[in-house]
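Working notes, beginning with the structure itself.
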Amino acid sequence: MGCIGTTWQRLARHGGQARRAVATATATAIAVTLVIAVSACGPHTQSAATTPAATAALRLPVGASDHSLSVGGVTRTFIVYRPANLSAAQRVPLVVMMHGGFGTGSQAERSYLWDAEADAGHFLVAYPDGLHRAWNAGGGCCGIPAKSGTDDIGFITAMVTVIEHAIPVDADRVYATGISNGGIMAYDLACHTTIFAAIGPDSATQLGSCPDPAPISVIAIHGTADKNIPYNGGLGDGPGHIDGPPVPTVNADWRSTDHCASPIVTTAKTVTTSIASCPAGQTVELITIAGAGHQWPGGAPNRLAQLLLHTDPPSTALNATRVIWRFFAAHKR
């Protein structure tokens, strides 16, 4: 996870409205003064622009390309995957996929198979990099970014802005997903921004303050045998020592936010699905996998990555990428 320990009762120092306003102001300022540069990384395409209105100059070629932008004087990097079959005449969805602690954008691209899903579903995928391989996701999580107060909300919102300036993106179909620390970051974005139509955290909980979130659709996936972020809450065994609320409690809180009806619960083999419909068109869903650990279901197995990222083998009970994308595709802002 790469997170520092915290208890979920310890709220973040900043209120929701304040953080949301800061994120909006940061993205707006960066959209005016951004300097974009791109560095070589494996097979990814390179492009560069250094004009004051650089948001209009960002080039997104077909395939994966590496990019960087400056947020508060700090250079931040990200990958964008553009399928070859995207229509130039239509606005397209954008999925932001955030790696877990100790991970990177390129690792997330390899491990969680979103590129293939984007080819099939005709959407863009962005893979941002957390500084020091972690995210400041609220409530003291995680690692150096949390200790130093890294503006990850400002970075993610600015990244979305520059992508929207480079290619027609449907602003009502922008989504955030992530695993572990990246999933916690997805919750934090839902709490403190209004740019996402839905979030899809996996193996994650919610930390920090969330006093006044806007209605949003949520799909969460979690294994009952997750020792890093326990399904029933409490202190985890992972290197981050995450101490969060029970996952079902977090899901119930979002049902309350969205004024949802009582959930309909079904079970098929090891997978239990709770789906609540909400009056404004949102849905709040929780998928519980009995016996699954801290992992991305259906992801690419990689023993070395599991050791480095402190994760468990991927569950074969479902394909999380496909399930989350189908949920996203059904929900607009």
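The model shown is predicted, which means the values in this text are computed figures rather than measured ones. Start at 1 with the first residue, then count along the sequence.
- Of the residues D258, T257, D253, N251, the one that meets the side chain to side chain donor-acceptor pair (under 3.5 Å) test with R255 is N251.
- The side chain to side chain contact (heavy atoms under 4.5 Å, CB included) with C141 is formed by just one residue from the set T205, I184, D243; it is I184.
- For the residue pair K269 and T267, the shortest heavy atom distance occurs at O-CG2, 3.7 Å.
- In summary, D152 and R76 engage in a salt bridge, as defined by a charged side-chain N under 4.0 Å from a carboxylate O.
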(request) Determine, stepwise, if the pair L207 / I242 fulfils side chain to side chain contact (heavy atoms under 4.5 Å, CB included). (result) CA-CA 9 Å; L207 302 172; I242 295 299; 4.1 Å; yes

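- Checked against the 6.0 Å centroid criterion, the rings of Y127 and W114 do not qualify as a close aromatic pair.
- Within a 6.0 Å radius of CG in L307, other residues, nucleotides and ligands contribute more than 12 heavy atoms.
- Checked options Y81, W325, F328; the residue passing with F123 is W325 (criterion: ring pair (Phe, Tyr, Trp, His ring centres under 6.0 Å)).
- No cation-pi contact links R133 to F102, judged by a cut-off of 6.0 Å to the six-membered ring centre and 45° from its axis.
- Using a 4.5 Å heavy-atom threshold, the side chains of N85 and H122 count as touching.
- Proximity of a side-chain donor or acceptor of N302 to a complementary backbone N or O of S111 within less than 3.5 Å is not detected.
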(message) As a quick check of understanding, evaluate side chain to side chain contact (heavy atoms under 4.5 Å, CB included) for F196 and R333, giving each step before the final call.
(response) CA-CA 7 Å; F196 296 99; R333 187 173 59 170; over 6 Å; no

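- For the pair V162 and L58, the tightest heavy-atom approach, listed with the atom from each and the gap, is O-CD2, 3.6 Å.
- Other members of the cluster containing L131 are V74, with ILVMFWY side chains joined at under 4.5 Å, either directly or via other members.
- Here the side chain of T157 pairs a donor or acceptor atom with the backbone of I153 at under 3.5 angstrom.
- Taking every heavy atom of both residues into account, P230 and H222 meet most closely at C-NE2, 4.3 Å.
- With contacts defined as side-chain heavy-atom distances shorter than 4.5 Å, the pair V62/P83 does not qualify.
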